[in-house]
Amino acid sequence: MTNYFRITGYCPTNDFCFIIDCNGMFEKKWQFSSMLIQKGLKILEISDAETFLDVNITPTEEDKEHIFLRANDNGKPIYTEQVVNGIKYKAVKVADKIYIPDRTQTI
């Protein structure tokens, strides 16, 4: 999964959070995050397929033209703990979707 990126963000103007993915649309993470920052959104987490760990989000197919909204909710995302294969990680939850932004951050 080259160039598969995931961002958790927050919109302070309208008080909502989101998880979005892109798979093949950008070469670098900074390009993806820059596009969102220009729209007034705050980046809380940014990961690539090698660093994040899915809990209940299925990866998207490669698509060089679209960004995929995986979850959105009112307010800020919830930071929580998630156990995967007996290891406890720092996880992010938006609505009913959970993932681990950095598989090296164990608790």
- [ ] Let me see the working for Leu69 and Phe18 under side-chain contact (heavy atoms from CB on, under 4.5 Å), right down to the final yes or no.
- [x] CA-CA 7 Å; Leu69 178 64; Phe18 55 89; 3.9 Å; yes
Task: OG-CD distance between Ser33 and Gln38, expressed to the nearest 0.5 angstrom - done: 9.5 Å
Open item on the list: Nearest 0.5 angstrom please: Ser47 OG to Arg103 CZ, how far?
Closed with: 9.5 Å
Open item on the list: Between Thr106 (side chain only) and Lys88 (backbone N and O only), is there a donor and an acceptor less than 3.5 Å apart?
Closed with: no
Open item on the list: Tell me whether the count of non-hydrogen atoms from other residues, nucleotides or ligands lying under 6.0 Å of NZ in Lys97 goes above 12.
Closed with: yes
TODO: Spell out, yes or no, whether Ile43 and Phe16 are grouped together once hydrophobic residues are joined by side-chain heavy atoms under 4.5 Å, including indirect joins.
DONE: yes
Open item on the list: I'd like to know if Arg6 pairs up with Asp54 as an ion pair, taking the criterion as any Lys NZ or Arg NE/NH1/NH2 lying under 4.0 Å from an Asp or Glu carboxylate oxygen.
Closed with: yes
Task: Separation between CD1 of Ile78 and NZ of Lys76, rounded to the nearest 0.5 Å - done: 13.0 Å
Task: Asn3 side, atom CG; Met25 side, atom CE - distance, nearest 0.5 Å - done: 12.5 Å
TODO: Look at the side chain of Gln31 and the backbone N and O of Lys28, then say whether any donor-acceptor pair between them is shorter than 3.5 Å.
DONE: yes
- [ ] Could you pull out all residues at least two apart from Glu27 that satisfy salt bridge (Lys or Arg N to Asp or Glu O under 4.0 Å)?
- [x] none
Task: Any residue meeting ring pair (Phe, Tyr, Trp, His ring centres under 6.0 Å) with Tyr99, in chain and number order, not counting sequence neighbours - done: none
Task: Gap separating the OH atom of Tyr10 from the CG atom of Asp15, nearest 0.5 angstrom - done: 3.5 Å
Open item on the list: Counting C-beta onward and ignoring hydrogens, is there a side-chain heavy-atom pair between Leu53 and Tyr89 closer than 4.5 Å?
Closed with: yes
Open item on the list: Within the structure provided, determine whether Phe5 and Ile20 are in side-chain contact (heavy-atom separation under 4.5 Å).
Closed with: no
Open item on the list: Please determine whether residues Phe52 and Val55 belong to a single hydrophobic cluster, defined as Ile, Leu, Val, Met, Phe, Trp and Tyr linked transitively by side-chain heavy-atom distances below 4.5 Å.
Closed with: no
- [ ] Keeping the roles fixed (side chain from Asn23, backbone from Thr60), state whether a donor-acceptor pair exists under 3.5 Å.
- [x] yes
Task: Separation between CG of Asn74 and SG of Cys11, rounded to the nearest 0.5 Å - done: 11.5 Å
- [ ] Would you check if the side chain of Asp48 reaches a backbone N or O of Glu50 as a donor-acceptor pair within less than 3.5 Å?
- [x] yes
- [ ] Determine, using the 4.5 Å side-chain heavy-atom cutoff (strictly less than), whether Ile46 and Phe26 are members of one ILVMFWY cluster.
- [x] yes
Open item on the list: When you compare the side chain of Ile19 with that of Ile7, does any pair of heavy atoms fall below 4.5 Å?
Closed with: no
Open item on the list: Are the side chains of Pro12 and Lys42 in contact, using a 4.5 Å heavy-atom criterion?
Closed with: yes
Task: Beyond-backbone contact of Thr104 with Thr51, side-chain heavy atoms, under 4.5 angstrom - done: no
Open item on the list: Looking at Lys90 and Glu45, is any side-chain nitrogen of the basic one under 4.0 Å from a carboxylate oxygen of the acidic one?
Closed with: yes
Open item on the list: Is there a continuous path of hydrophobic side-chain contacts, each under 4.5 Å between heavy atoms, that joins Met35 to Ile37?
Closed with: yes
Task: Side-chain heavy-atom pair Lys64, Glu62 within 4.5 angstrom cut-off - done: yes
Open item on the list: Within the structure provided, determine whether Lys93 and Tyr79 are in side-chain contact (heavy-atom separation under 4.5 Å).
Closed with: no
Open item on the list: If hydrophobic clusters are built by linking Ile, Leu, Val, Met, Phe, Trp and Tyr wherever their side-chain heavy atoms come under 4.5 Å apart, do Phe68 and Leu41 end up in the same one?
Closed with: no
TODO: State whether the side chain of Asn56 and the backbone N or O of Ile98 hold a donor-acceptor pair below 3.5 Å, judged by distance alone.
DONE: yes
TODO: Specify the closest pair of heavy atoms between Gln82 and Ala91, including all atoms of both residues, with the distance to one decimal.
DONE: CB-CB, 3.7 Å
Task: Side chain Tyr4, main chain Glu61, donor-acceptor under 3.5 Å - done: no
Task: Note, Ile67 side chain near Asp21 side chain (heavy atom, < 4.5 Å) - done: no
Open item on the list: Just checking Lys29: does its NZ atom have more than 12 heavy atoms from other residues, nucleotides or ligands closer to it than 6.0 angstrom?
Closed with: yes
Open item on the list: What verdict does the side-chain contact (heavy atoms from CB on, under 4.5 Å) test give for Cys17 and Thr8, after you've listed the backbone C-alpha separation in whole Å, the side-chain angles of each residue and the deciding distance to 0.1 Å?
Closed with: CA-CA 7 Å; Cys17 61; Thr8 301; 5.7 Å; no
